[in-house]
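Data first, discussion second: the structure below is written as structure tokens.
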Amino acid sequence: MEVANQLLNDGKAYYCYASKEELAEMRDTARAEGRAPGYDGRWRDRDPSEAPAGVDPVIRFKSPNEGSITINDAVQGDVTIQNAQLDDLILLRADRTPTYMLSVIVDDHDMGVTDIIRGDDHLTNAARQLQLYAALGWDAPKMAHIPLIHGPDGAKLSKRHGALGVEAYRDMGYLPEAMRNYLLRLGWSHGDDEIISTEQAIEWFNLENIGKSASRFDFDKLENLNGTYIRNADDAYLTTVIAPYLEEYVGNKLSAEQHLLVKNAMNGLKERAKSVISLAESSQFLIAERPLAMDNKASKLLTADAIQILQRLADRFDTLTEWTKEQIEEVVRVSAEAEDLKLGKIAQPLRAALTGTTVSPGIFDVLEVLGKETSIGRIRDVNIDS
RNA sequence: GUCCCCUUCGUCUAGUGGUUAGGACGCCAGAUUUUCAUUCUGGAAACAGGAGUUCAAUUCUCCUAGGGGAUGCCA
């Protein structure tokens, strides 16, 4: 690369023939003596004519040994590092390819990058890069080094740990907007504000309010945030989001009617979901084939007595000419009275018959959304089963 | 080892030289309720420790401890 050659010509870089073994030895002795570890600069001023035969040299940067360099960081403040602490880094490898340190510098410069925001694990790199910028006579970009995010146990995030890509969080059922809100709040604040939309975040975000300490990833809070975003989300949008899960469940594409069915039930469904996954699961009963499979708790509710009561209820439903929530509720309440039962006693078995589970949106909503035919059909299915 | 950074409830955080140290998640209790949720009310819960500056320190300074990061012919 020309930049490396330019530094070479300016006497700001040099060839180094040190072997891997020598390097390891330098590190060991430096550590033993309590000095800064790293290359000791043995080829810094040596003439290339002394080079050992058959060794492809690397090109090292002749970094200043005296004084110090201070990084004017937008979040860390002024951080000063002694130049002596920084050894002569490699610019070009033995095979003439550039190292990361050289690449970023010239890339950023060529691309006209003005601001660098990255993890604070790059803080010492910043010092080295600043030296390089100075040697090249280039203006250094503004820098901001933000704290790292740790795993739930306080350890550094790793592949084993939860530092997964965004797709992983999507697959766990987190909405992108909830994820953004959570991450934003992790290390940055705007007073006591917690729920911050993406639009609001764009307007408010700044570097000054970024904290300096590392934070832990807390799934409980993420989940809570996810729940509130789901509750506030548009029904049609949520239906689209869970459609793929439902299609996997039924094994084929959702029909227009099924799609509509789910959308119509969404208002009650989203109220109790904390993730896209659980939302999809709680929606399954809507599009399930008759007869419904009962889960354990549901079948326990369907005693012989309960089933008889439900059949009588179904008969009453038959006589309805209008299938509206009000009509349905009226019939159920009247039935309960006629059977001398509390509403709950009839609502739970009914829920079991209609959904196959013990958990669902309000029972009248379920009835209405399912429609007269399906509702009565599912109730009668229960009779036949037993 | 050396260098750099960090430290307010369990977690994410607000905050000020004088506050009952605030909010959120979680937790506990209660209310509402056809299930589960939601919602509402109340509660427990923190300024890491030690010096110093000051009439007064959570807030300013120093030290200690603890945590994190960097120490590659990786990026």
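Everything quoted here is computed from the prediction, not taken from an experiment. The sequence lines fix the lettering, A, B, ..., with proteins before strands; numbering per chain opens at 1.
- Exactly one residue among A:R312, A:K345, A:R316, A:R333 makes a salt bridge (charged side-chain N to carboxylate O under 4.0 Å, His left out) with A:E339. That residue is A:R312.
- If you check the side chains of A:D193 and A:W204, you find no donor sitting under 3.5 Å from an acceptor.
- In this structure, A:R216 atom CZ and B:C9 atom C1' are separated by 14 Å, rounded to whole Å.
- One interatomic measurement links the two molecules: CD of A:Q82 to P of B:C4, which rounds to 8 Å at whole-angstrom precision.
- Here A:Q76 lies in heavy-atom contact (under 4.0 Å) with sugar-phosphate atoms only.
- Distance, A:Y182 OH to B:C25 C1': 9 Å, rounded to whole Å.
- Here A:L123 lies in heavy-atom contact (under 4.0 Å) with sugar-phosphate atoms only.
- If you check every strand for non-hydrogen atoms under 4.0 Å, A:G38 touches nothing.
- One C1' atom belongs to B:C27, the other to B:A65, and the distance between them is 30 Å to the nearest Å.
- Base contact: A:H122 has a heavy atom under 4.0 Å from a base atom.
- Residue A:L148 is in sugar-phosphate contact alone, with no base atom involved, counting any heavy-atom pair closer than 4.0 Å across all strands shown.
- Using a 4.0 Å heavy-atom criterion, one finds that A:T80 contacts the sugar-phosphate atoms exclusively.
- Comparing B:G10 with B:U64, their C1' atoms are spaced 25 Å from each other, to the whole Å.
- Within the 4.0 angstrom heavy-atom criterion, only backbone atoms of the sugar-phosphate kind lie near A:L186; the bases stay farther away.
- If you check the side chains of A:T97 and A:D95, you find a donor sitting under 3.5 Å from an acceptor.
- The distance from atom CG of A:D365 to atom C1' of B:C36 is 14 Å, rounded to the nearest whole Å.
- Across all strands shown, the partner of B:C40 is B:G30, judged by Watson-Crick or G-U wobble contacts whose two distances both fall under 3.5 Å.
- One interatomic measurement links the two molecules: OH of A:Y17 to P of B:C73, which rounds to 17 Å at whole-angstrom precision.
- Nucleic acid contact for A:G227: none, since no nucleic acid atom lies under 4.0 Å from a heavy atom of the residue.
- If you take atom P in B:U19 and the same atom in B:U38, they sit 38 Å apart, rounded to whole Å.
- One atom, CG of A:D121, and another, P of B:G67, lie 20 Å apart when rounded to the nearest Å.
- Contact of A:D192 with B:G22 (side chain to base): a donor-acceptor pair of N or O atoms is detected under 3.5 Å.
- A straight line from CG of A:N83 to C1' of B:C4 spans 14 Å, rounded to a whole angstrom.
- A:F364 comes within contact range of at least one nucleobase, with a heavy-atom separation under 4.0 Å.
- In terms of position along RNA chain B, the nucleotide closest to A:Q85 lies nearer the 5' end than the nucleotide closest to the other residue of the pair A:E329 and A:Q85.
- Between the side chains of A:D139 and A:Y133, no donor-acceptor pair of N or O atoms lies under 3.5 Å.
- Counting any heavy atom pair closer than 4.0 Å across all strands shown, A:S360 reaches a base atom.
- Residue A:R351 is in base contact, counting any heavy-atom pair closer than 4.0 Å across all strands shown.
- Rounded to whole Å, the separation between the P atoms of B:C63 and B:C6 comes to 14 Å.
- For the C1' atom pair drawn from B:C73 and B:G66, the interatomic distance equals 36 Å after rounding to whole Å.
- B:U16 is unpaired under the criterion used here, namely a Watson-Crick or G-U wobble arrangement in which both key atom distances are under 3.5 Å.
- Toward the 5' end of RNA chain B, the nearer of the two residues A:E194 and A:A273, judged by each one's closest nucleotide, is A:E194.
- Between the C1' atoms of B:G26 and B:A44, the separation comes to 13 Å (whole Å).
- In this model, no side-chain donor or acceptor of A:R31 finds a partner on the base of B:U2 within 3.5 Å.
- When only modelled atom types and interatomic distance are considered, A:T70 and A:D78 share no side-chain donor-acceptor pair under 3.5 Å.
- For the pair A:P361 and A:L269, the minimum side-chain heavy-atom distance is below 4.5 Å.
- For A:R185, the listed nucleotide lying nearest its side chain is B:G23; candidates were B:G23, B:U34, B:C6.
- At the heavy-atom level, A:P361 lies under 4.0 Å from base atoms of the strands shown.
- Among the atoms of the strands shown, none is found under 4.0 Å from any heavy atom of A:D95.
- Nucleotides B:G30 and B:A21, compared at atom P, are 29 Å apart to the nearest Å.
- Using modelled atom types, one finds no donor on one side chain facing an acceptor on the other under 3.5 Å when comparing A:R128 with A:Q131.
- In the model, A:Y14 has a side-chain atom that pairs as donor or acceptor with a side-chain atom of A:D88 under 3.5 Å.
- Rounded to a whole Å, the CD atom of A:Q129 is 14 Å from the P atom of B:A70.
- When Watson-Crick and G-U wobble pairs are counted only if both distances are under 3.5 Å, B:U71 pairs with B:G1.
- A:V79 comes within 4.0 angstrom of the backbone, heavy atoms only, and of no base.
- The gap from the P atom of B:A24 to that of B:U41 amounts to 10 Å, rounded to the nearest Å.
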